[in-house]
Amino acid sequence: VGVEDIMKLVGCWVICCTVALVSGSVGPSEEKSLPTPAAAWERLKEGNARYVADKPAGPRRDARRRGDVAKGQSPFAIVLSCADSRVVPELLFDQGLGDMFVVRVAGNVGDRGIIGSMEYAVGNLKTPLIVVLGHEQCGAVKAVIHGEVAKGDLGWLLKQVHAGKTTGNNKGPSLADAIALNALFQAKRLSAESPLLRESVATGRVRIVAGVYSLDTGAVRWLEGQTGKKP
Ligand SMILES: [Zn+2]
């Protein structure tokens, strides 16, 4: 290693530090590794593609990762999914420990407890992406479009599901349409009801998207009309 090489290295170091300072990329440690909303979404799409192809990587599930995340978490995505046993976000997006902040409730409804959990992840953990994930053959949506009435807290929960309105000819949406409508409704509801989520979306720091998971193929179909920067 000659003097010239050393000078080159020092030069690189100075340039890198300057670029980092100017671009503001040196921030609190928990934010350093967090991707943009678009990059976070891309990671989920790639993971789902591996799962659909039956070639999951099963990443970041070993003892070393467990030890790393025991010190703190910085999940890159929040996922609101149904409690249905066949819809498991970490598996279908092929992610590992500490990657996703998952909230699950029947019908993937954005009630106050769910929104409060998301406010924690967005406000404290700086998570950049929120996914509302409906799924095929959702029993909660099916119950609502069939007009079923349930007792107790299940009755309250079903009232949170939004399956679309009955049309003039008294024919409501199909189950598939109702599932998509509910996912989009819940996605919009998050920013409508939470000032923190609304402001985070407005500044572009957070993006909210909705999708429907296929029980048969394992694929997530991303929905049009997703609530992006301008919901
Ligand atoms: Zn369901």
Side-chain angles (χ1 to χ4, degrees), residues 40-41 43-45 47-48 51-52 56 58-61 69 73-125 127-144 148 150 152-163 175-176 178-191 193-194 196-197 206-223 226-227:
W41 196 10
R43 274 175 79 173
L44 293 184
K45 287 175 181 172
N48 183 238
Y51 175 75
V52 169
R60 298 173 293 285
R61 297 176 190 177
V69 294
Q73 61 170 329
S74 65
F76 70 88
I78 299 165
V79 179
L80 166 56
S81 81
C82 185
D84 190 301
S85 62
R86 302 165 294 181
V87 184
V88 184
E90 286 86 349
L91 295 182
L92 69 93
F93 285 124
D94 194 29
Q95 300 299 324
L97 291 169
D99 287 338
M100 303 194 306
F101 190 94
V102 178
V103 277
R104 295 178 66 176
V105 59
N108 41 272
V109 301
D111 67 31
R112 291 184 66 187
I114 295 292
I115 289 176
S117 303
M118 290 183 177
E119 286 178 343
Y120 172 73
V122 166
N124 296 51
L125 306 177
T127 307
L129 179 71
I130 299 175
V131 174
V132 178
L133 189 64
H135 70 96
E136 282 179 350
Q137 300 299 326
C138 183
V141 176
K142 206 183 278 183
V144 169
E148 288 175 26
D153 286 342
L154 178 56
W156 177 86
L157 180 59
L158 292 181
K159 286 193 186 121
Q160 308 298 308
V161 174
H162 184 95
L175 177 58
I179 286 164
L181 283 169
N182 180 56
L184 286 169
F185 173 83
Q186 305 299 339
K188 291 199 173 89
R189 177 181 179 180
L190 301 176
S191 44
E193 294 188 13
S194 165
L196 173 67
L197 299 183
V206 170
R207 188 159 179 189
I208 302 175
V209 297
V212 175
Y213 172 70
S214 165
L215 295 180
D216 294 316
T217 68
V220 173
R221 178 171 60 91
W222 299 101
L223 298 171
Q226 58 204 242
T227 55

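Remember, it's a predicted structure, so these values are computed and weren't measured experimentally.
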Test side chain to side chain contact (heavy atoms under 4.5 Å, CB included) applied to L215 and V87, step by step: CA-CA 8 Å; L215 295 180; V87 184; 4.2 Å; yes

Qualifying residue, where the test is side chain to side chain contact (heavy atoms under 4.5 Å, CB included) with I208 and the options are I78, L129, L190, L80: L190

Looking only at non-hydrogen atoms, find the nearest pair between [X] and [Y] and report the distance.
{"X": "Q186", "Y": "H162", "value": "NE2-N, 3.9 Å"}
{"X": "A163", "Y": "L181", "value": "O-CD1, 4.0 Å"}
{"X": "L44", "Y": "F93", "value": "O-CD2, 3.4 Å"}
{"X": "A210", "Y": "A183", "value": "CB-O, 4.0 Å"}
{"X": "V69", "Y": "L97", "value": "CG1-O, 3.9 Å"}
{"X": "V141", "Y": "A178", "value": "CG1-CB, 3.6 Å"}

Heavy atoms from other residues, nucleotides or ligands near NZ of K159 exceed 12 (cutoff 6.0 Å):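 Counting other residues, nucleotides and ligands, NZ of K159 stays at 12 neighbours or fewer.
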
With [X] via salt bridge (Lys or Arg N to Asp or Glu O under 4.0 Å) - residues at least two apart:
{"X": "E148", "value": "none"}
{"X": "R60", "value": "D99"}
{"X": "R189", "value": "E193"}

Heavy-atom side-chain proximity of T127 to V206 below 4.5 angstrom: no

Any side-chain heavy-atom pair of V122 and I130 under 4.5 Å: yes

D84 backbone acceptor or donor facing R104 side chain under 3.5 Å: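 Side chain of R104 to backbone of D84: a pair is present.
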
Donor-acceptor contact below 3.5 Å, side chain N48 vs main chain L92: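 Such a contact is found between N48 side chain and L92 backbone.
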
Please report the interatomic distance [atom1]([X]) to [atom2]([Y]), rounded to the nearest 0.5 Å.
{"X": "D216", "Y": "Q137", "atom1": "CG", "atom2": "CD", "result": "8.0 Å"}
{"X": "K142", "Y": "I179", "atom1": "NZ", "atom2": "CD1", "result": "8.0 Å"}
{"X": "N182", "Y": "Q160", "atom1": "CG", "atom2": "CD", "result": "10.5 Å"}

E119 vs S194, side chain to side chain contact (heavy atoms under 4.5 Å, CB included): CA-CA, chis, key distance, verdict: CA-CA 8 Å; E119 286 178 343; S194 165; 2.6 Å; yes

Residue list, side-chain hydrogen bond (donor to acceptor under 3.5 Å, both in side chains) with R61, at least two apart or on another chain: none

N/O donor-acceptor pairs under 3.5 Å from side chains in residues 107-114, not counting sequence neighbours:
{"from": "D111", "atom 1": "OD1", "to": "G113", "atom 2": "N", "distance (Å)": "3.0"}
{"from": "D111", "atom 1": "OD1", "to": "I114", "atom 2": "N", "distance (Å)": "3.0"}

Parallel, tilted or perpendicular: rings of F101 and Y120 (30°, 60°): tilted

Parallel, tilted or perpendicular: rings of Y213 and Y51 (30°, 60°): tilted

Partner residues of H135 under the ring pair (Phe, Tyr, Trp, His ring centres under 6.0 Å) criterion, sequence neighbours left out: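 Residues passing ring pair (Phe, Tyr, Trp, His ring centres under 6.0 Å) with H135: none at all.
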
